[in-house]
Structures are given as C-alpha cells and as structure tokens.
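What's counted below: heavy atoms across the whole structure, side chains too, no hydrogens, waters or symmetry copies.
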Amino acid sequence: MNLNQIQHKIVTTINGPILVVAGAGSGKTRVIIYRIIYMIKKMRINPENILALTFTKKAANEMKSRLFKIINNPLILKKITIGTFHSIFSIILRNEAHLLGYNSNYTIYDNKDSDYLIKKILKNLNIEKVLDYRKIRKQISNYKNNLFFLSKKNNKNTLFYKVYKIYVKKCHQMNSLDFDDILLHTNYLFYRFPNILLKYQNKFKYILVDEYQDTNISQNNIIKKLSNKYKNIFVVGDDAQSIYSFRGAKISNILNFHFIYKNTKIFRLEQNYRSTNSIVKASNKIISFNKNQIYKKVWTDNEKGEEIKIYNATSDEEEAIYIANYILMYTTKKKFKYKDFAILYRTNYQSNIIELILKEKKIPYNIYGSISIEHRKEIKDLFSYLKFINNINDEVSLLRILNSEIKYKKTIKSIINISKKKNIEIYNIINNIEKYDINININTVKKLKIICSFLKKIRFNLNKFNAYQIVKYVIIFLLKKKKYENKIKEKFKLILINIYKYVKKKLRFYNINTYLSDFLQYFYLEDDNNENDKANKVSIMTVHLSKGLEYPIVFITGLEENIFPSKSCIGNSQIEEERRLFYVALTRAKKIAILTYATSRFLWGNKITNIPSRFINEINKLISIKYKKNKYNNILGLKIHHKDFGSGIILNCNNDIATIKFNKLGIKRILLSLNKIIF
C-alpha cells in the first residue's frame, strides 16, 4: 500500500470511534478502500462483520469496483455489506418486515406516488384548497427525518398531524413505504425490538460511513444504535462540504462527533491531490469566513496553475455567450474535450439561457437534474404495473393503471366509492365488476377483464420468473395495447437491457436470482449517472448535483447577491451553508476556475439587477485577472449624476469600467476616467 504517514495511520487504526476530517480532493475513498483491505487481510476480520455506508450508488459501486480489483475474490466481496443508507436498511426491513406489520414485498413510493396519495387525502377531507400537497409532503419528510415520534413536545392537535396519521395508515394498508419510511422504520425496528438490534450489532461490528456531514438525525440515530455495542465506528467527512440542510442533513452530527463518542481519535486529510495551488488557496480563503467549522488547512503539491478568472457580463445572455466562446476556444486551440468542462449554477432556472446559447453554438451538453424520461407518463405506467404485480395491496399503483386505461373518470370514482362503502379492495371490485351496480360500458369491462387476467397470470409466476422475464412480459403486453412513440419504445428497450445486465451480473458474481422485488428496490433506491459521465459533452448542473464530481475547467455562474448567495439565505445563519456551497463549486475544478456574474438578468420574466456576490469580494485578494483593487473599489452602490445620461446608481466596477443603472436610459457601461460623472 503506497500511503503517506497520515493515511497509513488512518488505515491501521482500527478499534474505537474515529473521525477523519477529509478536505476536498484529499483521497478519502482511497483511505476507506485500503482500510477495508487492511481489516480483512492483516487483521483477519470476517468480511461479514463490515458495513460500509455511502450516499450514492455511484460511490458504492466505485468502492466495490476498486475493492474487487485489489482483492479479486467475488466470495469475499459478496460478504462485505456496501451500499447506500436506503438500500442497506431496505434489505434489513424486508427481512424483518413482519415485525412491523408489513409484508416483505412492500412497495417503495417515490415523491410522485406520495403526492398522489396526499392529494387524495386532502380531497377526501375537503381541505385541498387549504393545504398545499407539496408542502405537506415536505412536512411529513421533515417529521420523519427528525424523529418527531420520539419527541414529548409532539403537537397532535394540528390539521397537519391529522393528514399525517391518515397518510401513514394508508401506506400501511397498501403495504408501502416512502423513502423516509425506510430510515424511520429501521429506527422503529431497533427501538421496539432490542433483540433485533443486538442481531445486527453482532453482525456489523465494524461500521464505516462516507460523507458523514450529510447525515440527518434519523440516519445518525441508526448509526449510534448499531455501533453502540462494539464502538467501532469510522466516519469520513468534510464539514466544509455540508450543503444538504434542506434535505434534513445536520452539520452538528460531524461537528459534535467527538462529544457523542467518547475517546474519539481525530485525523485530518489535508493534502489536496485534485486542484492547482491557486484553486486550493482560494478555497481555503473563502471557507475561512465561516465560524462553525472544524479547523484544517488544505494544501497541495500541485502546480500553481492559472489564477482564478472573473468575468462581468452586462446580461445573462452575454454571460452564456462568454462561456460558450471560451469552451470553443479551449476545445480548438488548447485541445481540451467537451467533457472537460462543467457549468455550475445555484438554481435550475439559470440553465435556460445557457442551454439556448450552447445549442446555437452547436456545443454538445448533458444537463443533470432535468426531468428524465423516467417521469414520462408511459414509463410511470409501466412501473405502476410492475409495482402492483409485486404488491397486490398497492392501491396507488392500481389507481394509476386504471387512470391510464379508463377514459371515463366517473367510472373510477364509482369504483372508489363502492370500495369505501363496502370496505372491499379495489382490485377485488374490478376483478368481479359485473357484480356491482356501476354504470360502465362494454368496452371498459373488456379492458378491465384483459388487465385482470394478465395481472393474475403474471402474479401466479411471480416467484418462478426473474425480474427480466416479468418486465419483458409487461412491456409486450403494453405494446400490444397501445401505440407508443419511438422515444418510449427505445426507453422500454433500454430498461430491458439494463435489467438483463443486472440479473446476469447478480447470477454470475453472487449466484443470486433477481426477482421483481429486488429489481424494484434497485431501481427506486439507487441513482446512477455513469453513462452520462462517459459522453464527450459539457456537463451542466446545479452546484448541489456537482458534489463528488471533478472537472479540469469549471464555470461558476450567477455570482450575484440574491442569486448566489440565495436571497432566502442572506442575513441569517444559512449564509454559512451558501458559502460552503460556493466552496464545493470551487473545489470541483482541477485546473481552471472561472467565476461569472451579470449586471442584469431575466428572472421569471422580469429584468433584475444585483451587485456582485460577496464571495467574489471575499477571495478578491487572490484574484489578479479583471478584478484588481483600484481607487474605484469603494464606490459600489453610490448614486451618481452623468452629464449626458442623467442620474443613476453604480452596480459594479471593474478597474476603470463602471456598470451603472440610469433612471431613464437603463444600464450602461462607461469609462470613469472620462470625468463626466459627479459623485
């Protein structure tokens, strides 16, 4: 193992609680990999006693791939439990589901499914105009992730709590869990059944957690319970990259780790192997303005590299044109590839003008986080069939099937009403539709009979056929019934190819036959952008989505007050998270970082003006290109009068060029040295 002194110490210190504060680009994954190898090969620790938790499937797969290359033994790799929080604890829940009143084939609801159910509940309570279903879903998520069920201050006399209780009851009746339930019910399981907790404590004697700064209260509570017996808890994270508080992540988990776990050993990985010295220095400078942090001084042996560039555009269109031209110049003259570039922004709406200009310039790009084809109606319909086949109690998926097949919504309402009055499951009603007094035409009856017959046939073979076979049968069934556009047909084909690969891989390496429930868990709990990474295209995404990625050249756009930092975060404690977000953006760059901002931009149809972001000012001393300090630096925001253009206000100033918003003529850029301005 070719490790430096600090890395070697981290790898070989096995027992007790350990916190590794890992700076950006410091090789933390390498340390985790070699630590696992050291435990197995040198310490002779049983691989079955090792649990490694990550936040993304990509990180888990990278870990498995690198371990396999070194260990080269599928049997050993199979014994190590590596995966995301949701995937690992979902497996545990499937094994123990009966204790919580669930069947092991429970359905996992995504946000769309939850929204559908919440809207239905609000409508039944006649309060759909009083409460917003999206806000309710977020409240429910917050309620679960913060473990409010354990709180004595729990207010049960609110309208929200009434909706929450009905939502929970409905999910239970339909044998379904949402994403947050996976963590919540794991907490329930360990809280209510100490013998089950002991079982998994004895199994997972050595626990490793990556990106620990991103854990929420629910995740952290599970980790504490699992590690409580043997105390062998190893966490790696960077408080400077804690950017997910809106998802419930608590930076206090990493800041207070050494208080929660007595006798904690703390190590720091401070050498950056990714970025140039200029980028590392600027990153250190920006994060030094935050008060709540674990001290570390990141450094690098890499070359100094180009200094950080700043470009002040007059508009968001000019900003996008500058970025596009820069990419074209560097791909032609300096031999960079399109995939070497990333364009980062604070919010999704900023991407519109960037996409438009890149298309005009014929620059290929991939946009992360856009609405994927998986959210198309036809694909959702396919997965509704699959989820209902897997879980016959999943009423949400069945209703989606009915809505896609039956034209007359009054018919569906009649079926639902009979289900309520007679307390009969909807599937039983449509399966025996002639028995009920419903005004329904012959064609609809035929459709329902065909669907029910198909569902019965597939469910009969549920434990006989593997996931690939079942999905193939469902797709053939759908293609026979409807005409789909080529895009959807191609997506169906791609899904089948991916399932085939997944099933074959599981059988080849682990001798495991993959059934439908296994595939659905894989599909709904995992995220994967590996294919996108391979394409020779410019990457466009929000800063949040860029975390964990790296590119030779990075543009950070929209660096204006009220945009980055966000308007909602200015003037409160959240400004530190905005600064951490900027730190994450800056540390994605390996060779060149370019910061851009616009004097004016269109937002929701309105033209707005903002002053440059405070983050530019905070690293100003390190920037020598296009933003040197000068005698005009202190005139930002001043009201002025121009002899020709009249009164206005200075928005920003680069050397001798001022961008001024005039009361009558709008925004203009002028030379201050012309002496036509009265301050």
Side-chain angles (χ1 to χ4, degrees), residues 306-370 536-543 546 551-564 582 585-586 588-589 591-613 615-616 623 625-627 651-661 665-671:
E306 293 188 27
E307 292 196 48
I308 292 172
K309 296 178 173 66
I310 288 190
Y311 183 76
N312 172 207
T314 56
S315 66
D316 48 355
E317 184 179 7
E318 186 190 309
E319 178 185 51
I321 291 170
Y322 167 78
I323 291 168
N325 288 340
Y326 191 98
I327 291 170
L328 289 173
M329 181 180 72
Y330 269 62
T331 49
T332 53
K333 292 183 179 180
K334 301 208 175 184
K335 307 300 181 185
F336 279 86
K337 296 179 180 178
Y338 289 122
K339 66 180 180 180
D340 294 331
F341 297 85
I343 304 171
L344 309 182
Y345 39 80
R346 178 63 180 84
T347 48
N348 279 309
Y349 68 77
Q350 292 172 251
S351 71
N352 295 336
I353 187 66
I354 295 171
E355 283 191 79
L356 184 67
I357 298 301
L358 291 182
K359 282 177 182 175
E360 283 182 5
K361 302 279 187 180
K362 294 183 171 53
I363 297 173
Y365 66 88
N366 177 63
I367 183 162
Y368 288 66
S370 59
N536 186 25
K537 297 179 180 181
V538 174
S539 295
I540 313 176
M541 69 193 87
T542 63
V543 181
S546 74
Y551 299 89
I553 303 176
V554 171
F555 297 91
I556 308 172
T557 66
L559 277 165
E560 300 135 42
E561 290 289 296
N562 300 321
I563 292 179
F564 199 1
F582 179 61
L586 197 54
R588 299 311 93 199
K591 295 183 179 297
I592 299 171
I594 302 137
L595 318 181
T596 66
Y597 66 100
T599 302
S600 67
R601 68 176 63 243
F602 277 93
L603 174 61
W604 311 124
N606 298 315
K607 194 173 185 180
I608 62 165
T609 57
N610 291 307
I611 63 172
S613 169
F615 302 147
I616 290 177
I623 299 170
I625 300 177
K626 293 190 179 180
Y627 206 82
L651 299 175
N652 58 58
C653 176
N654 280 349
N655 295 324
D656 194 35
I657 301 173
T659 303
I660 303 171
K661 183 181 180 183
L665 299 176
I667 294 170
K668 289 187 175 292
R669 299 174 80 190
I670 63 170
L671 286 169

Look only at the side chain of Asn325 and the backbone of Tyr322, and say whether a donor-acceptor pair between them is shorter than 3.5 Å.
no
Nearest heavy atoms of Ile354 and Ala320, plus distance in Å:
CA-CB, 4.0 Å
Can you find a pair of side-chain heavy atoms, one from Ile363 and one from Thr331, that are under 4.5 Å apart?
no
Between CD1 on residue Ile343 and CD1 on residue Ile357, distance to nearest 0.5 Å
11.0 Å
Any side-chain heavy-atom pair from Ile323 and Tyr311 closer than 4.5 angstrom?
no
Would you please test Thr542 and Gln350 for side chain to side chain contact (heavy atoms under 4.5 Å, CB included) and show each step?
CA-CA 9 Å; Thr542 63; Gln350 292 172 251; over 6 Å; no
Give a yes or no on whether the backbone of Lys591 and the side-chain of Glu306 come within a donor-acceptor separation of less than 3.5 Å.
no
Nearest heavy-atom neighbours spanning Lys359 and Tyr365
CE-OH, 2.9 Å
Decide yes or no for Lys339 and Asn536: does some side-chain heavy atom of the first lie under 4.5 Å from some side-chain heavy atom of the second?
yes
Is the shortest heavy-atom distance from the side chain of Thr557 to the side chain of Asp316 under 4.5 Å?
no
Within the side chain of Asn366, is there an N or O that forms a donor-acceptor pair under 3.5 Å with the backbone of Ser539?
no
Side-chain heavy atoms of Glu560 within contact of Ser613, under 4.5 Å:
no
Polar side-chain atom of Ser600 near backbone of Thr314 as donor-acceptor pair, under 3.5 Å:
yes
Determine whether Ile594 and Phe341 satisfy the following criterion, side chain to side chain contact (heavy atoms under 4.5 Å, CB included), listing intermediate values before the conclusion.
CA-CA 11 Å; Ile594 302 137; Phe341 297 85; over 6 Å; no
I need the minimum non-hydrogen distance between Ile616 and Pro612, along with the two atoms involved.
CD1-CB, 4.4 Å
Which distance, rounded to the nearest 0.5 Å, do you find between the CG of Leu358 and the OG of Ser351?
10.0 Å
Does any non-hydrogen side-chain atom of Glu317 lie less than 4.5 Å from one of Phe602?
no
I would like to know whether Phe564 and Val543 meet side chain to side chain contact (heavy atoms under 4.5 Å, CB included); could you show each step before the answer?
CA-CA 10 Å; Phe564 199 1; Val543 181; 4.0 Å; yes
Phe336: partners by ring-ring contact (aromatic ring centres under 6.0 Å, His included), with sequence neighbours left out
Tyr330
Starting from the C-alpha separation in whole Å, work towards a yes-or-no answer on side chain to side chain contact (heavy atoms under 4.5 Å, CB included) for Leu328 and Thr332.
CA-CA 6 Å; Leu328 289 173; Thr332 53; 5.5 Å; no
My understanding is that only residues two or more places apart in sequence, or in another chain, count here; which of them pass side-chain hydrogen bond (donor to acceptor under 3.5 Å, both in side chains) with Asn562?
Asn610
CG-OH distance between Leu344 and Tyr551, expressed to the nearest 0.5 angstrom:
8.0 Å
Can the ring centres of Tyr326 and Phe555 be said to be less than 6.0 Å apart?
yes
Only one of Thr599, Thr609, Ile611 passes side chain to side chain contact (heavy atoms under 4.5 Å, CB included) with Thr659, and that residue is Thr599
Going by heavy atoms in the side chains, are Arg601 and Ile563 under 4.5 Å from each other?
yes
Could you tell me the separation between the NZ atom of Lys333 and the NZ atom of Lys335, rounded to the nearest 0.5 Å?
11.5 Å
Nearest heavy-atom neighbours spanning Ala313 and Glu319
CB-N, 3.4 Å
